[in-house]
Amino acid sequence: MNQESAAPTAPLAQPAQLDNPIRNFSVQLSPTPRGARLARLLATEQLRSWGLPLDPAAHVVAELAANAVRHGRIPGRDFLLLLYVVGDTLRIEVTDTCGDRLPHPQHPAPEAASGRGLLLVEAFADRWGFSEGPAPRKTVWAEVVLAPSSQTHPPG
């Protein structure tokens with residue numbers, strides 16, 4: 001479920017990659033409000049253990065997980081949260097089993113209580129998008145470029 005491995009040997013033209021491990025975390029969660037909250041909690045703890053900043057990644061995880069529960073829920077089918085860091089980029093992926101409902105940002109009325117999730121992801125992430133398949137799945141992803149000071153290795 002949780003893996004860390006050393007980065008493959010990179011050509012000398014990319015020395016910054018040599019000292020950075022490839023970090024990888026994944027977990028399957030129930031498509032319920034509790035599963036969405038657990039996604040944010042587990043992601044926060046994983047980022048903390050890697051010595052990475054919690055914001056804005058925790059907000060992105062919360063929105064993508066909430067969307068998987070609200071718009072991608074099929075009873076009995078879990079959603080998958082995947083976090084990985086390569087170089088200076090944290091990639092967050094949430095995969096659900098409702099590939100026929102593709103994400104699209106909405107601009108709700110100011111008084112609306114919901115409907116801003118993808119707008120928040122768009123604001124917090126450096127890049128985001130989605131990929132379809134294999135059927136019946138879709139993956140919504142977001143990338144956050146990490147500041148150079150957040151690339152330190154955690155103690156221990």
Tell me whether K138 contacts the main-chain N or O of C98 through its side chain, where contact means a donor paired with an acceptor under 3.5 Å. yes
Any donor and acceptor pair, going by atom type alone, linking the side chain of D78 with main-chain N or O of Q28 inside 3.5 Å? no
With the side chain counted from C-beta on, respond yes when L47 and L90 share a heavy-atom pair under 4.5 Å apart, and no when they do not. yes
Minimum heavy-atom separation for P103 to L118, with atom names? CB-CD1, 3.6 Å
Derivation and outcome, side chain to side chain contact (heavy atoms under 4.5 Å, CB included), residues V140 and V121: CA-CA 10 Å; V140 184; V121 169; over 6 Å; no
So do the side chains of E132 and L102 get within less than 4.5 Å of each other, counting heavy atoms only? yes
Go through it in stages, so that I can follow the logic: the residues are D96 and R101, the test is side chain to side chain contact (heavy atoms under 4.5 Å, CB included), and I'd like the CA-CA distance, side-chain angles, deciding distance and then a yes or no. CA-CA 10 Å; D96 64 47; R101 296 191 68 190; over 6 Å; no
Are the side chains of I92 and L64 in contact, using a 4.5 Å heavy-atom criterion? yes
Considering all heavy atoms, the nearest V60-F124 contact: CG2-CB, 3.7 Å
Measuring only between side-chain heavy atoms, which start at C-beta, is P33 closer than 4.5 Å to V69? yes
Atom CD of Q46 and atom CG of N24: how far apart are they, to the nearest 0.5 Å? 9.0 Å
Are the side chain of R40 and the backbone of A62 linked by a donor-acceptor contact shorter than 3.5 Å? no
Should T139 and L82 be marked as a side chain to side chain contact (heavy atoms under 4.5 Å, CB included) after you check the CA-CA gap, both sets of side-chain angles, and the distance that decides it? CA-CA 10 Å; T139 299; L82 173 65; over 6 Å; no
CZ (R127) with more than 12 external heavy atoms under 6.0 Å: yes
Show, in sequence, the C-alpha distance, side-chain angles and deciding distance for Y84 and I22, and conclude whether the side chain to side chain contact (heavy atoms under 4.5 Å, CB included) test is met. CA-CA 7 Å; Y84 59 93; I22 295 173; 5.5 Å; no
